[in-house]
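This report concerns only the one structure given below.
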Amino acid sequence: MMKTLTGLMLNRRIVAAFVLLVVLGTLGLDVAGMVHPCPYCRVQRFALGVLAIILLLKGYDRLLPRYVAAVVGLMGLVVGMTQHFNHIKKMNAGAFDWAAVTIGHPWVLSGLAVLTLVWQLFLIFNVDRKSAA
């Protein structure tokens, strides 16, 4: 079971397709006006989508796609961590509403976006590749 899950998580096309479906779904909710128009979320969604598209390309491991992935991925990470840290500041100030924390809470979603961005960057840069030594 664990080997199957690991294999799925290391399959760049499966990960990219799943992330792209989530991005398109959330984009649809945003365009329909069903969610708050959050600039943080939009930047993170853009970065997740670009990285997913790069992962679907045959030459994802070439210099130009990796350069674009590094720039866009780091932009998404900075914005995601900024959004996440803003909620941590609220926690420290005692102004955080713990009762409102659900899967749709911006603090949870920004954390998931950061984790997903890092995972996509790991796949693009072949972090799991065995050492040549």
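Heavy atoms only: backbone and side chains are in, while hydrogens, waters and symmetry mates are out.
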Might you point out which heavy atoms bring [X] and [Y] nearest each other, and give the distance in Å?
| X | Y | result |
| --- | --- | --- |
| Ala47 | Gly76 | CB-CA, 3.8 Å |
| Phe125 | Ala70 | CZ-CB, 4.2 Å |
| Ile124 | Ala69 | CD1-CB, 3.7 Å |
| Pro37 | Pro39 | O-CD, 3.5 Å |
| Pro65 | Gly59 | CG-O, 3.3 Å |
| Gly80 | Ser110 | O-CB, 3.9 Å |

Sub-4.5 Å side-chain heavy-atom contact between [X] and [Y]:
| X | Y | result |
| --- | --- | --- |
| Trp119 | Val19 | no |
| Leu20 | Leu56 | yes |
| Cys38 | Gln83 | yes |
| Val15 | Asn11 | no |

Applying the 4.5 Å side-chain criterion to the ILVMFWY set and letting contacts propagate, would [X] and [Y] be lumped into a single cluster?
| X | Y | value |
| --- | --- | --- |
| Leu29 | Val43 | no |
| Ile103 | Phe96 | yes |
| Leu51 | Leu64 | yes |
| Phe122 | Leu74 | yes |
| Val108 | Met91 | yes |

Nearest-0.5 Å distance that lies between atom [atom1] in [X] and atom [atom2] in [Y]:
| X | Y | atom1 | atom2 | value |
| --- | --- | --- | --- | --- |
| Leu77 | Gln44 | CG | CD | 9.0 Å |
| Arg42 | Thr26 | CZ | OG1 | 11.0 Å |
| Leu121 | Leu55 | CG | CG | 8.5 Å |
| Met81 | Leu117 | CE | CG | 11.0 Å |
| Tyr40 | Leu109 | OH | CG | 15.0 Å |
| Leu10 | Leu123 | CG | CG | 6.5 Å |

Worksheet item: Listed by chain and number, what are the side-chain contact (heavy atoms from CB on, under 4.5 Å) partners of Val50, not counting sequence neighbours?
Response: Phe46, Ile54, Val68, Val72
Discussion item. Going by salt bridge (charged side-chain N to carboxylate O under 4.0 Å, His left out), name the residues that satisfy it together with Arg45, two or more places apart in sequence or in a different chain.
Written reply: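 Once residues adjacent in sequence are excluded, the partners of Arg45 under the salt bridge (charged side-chain N to carboxylate O under 4.0 Å, His left out) criterion are Asp30.
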Item to complete: If a pair satisfies side chain to side chain donor-acceptor pair (under 3.5 Å) and one of its residues is in residues 90-107, list it, with sequence neighbours excluded.
Response: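 Sorted pair list: His84-Trp107.
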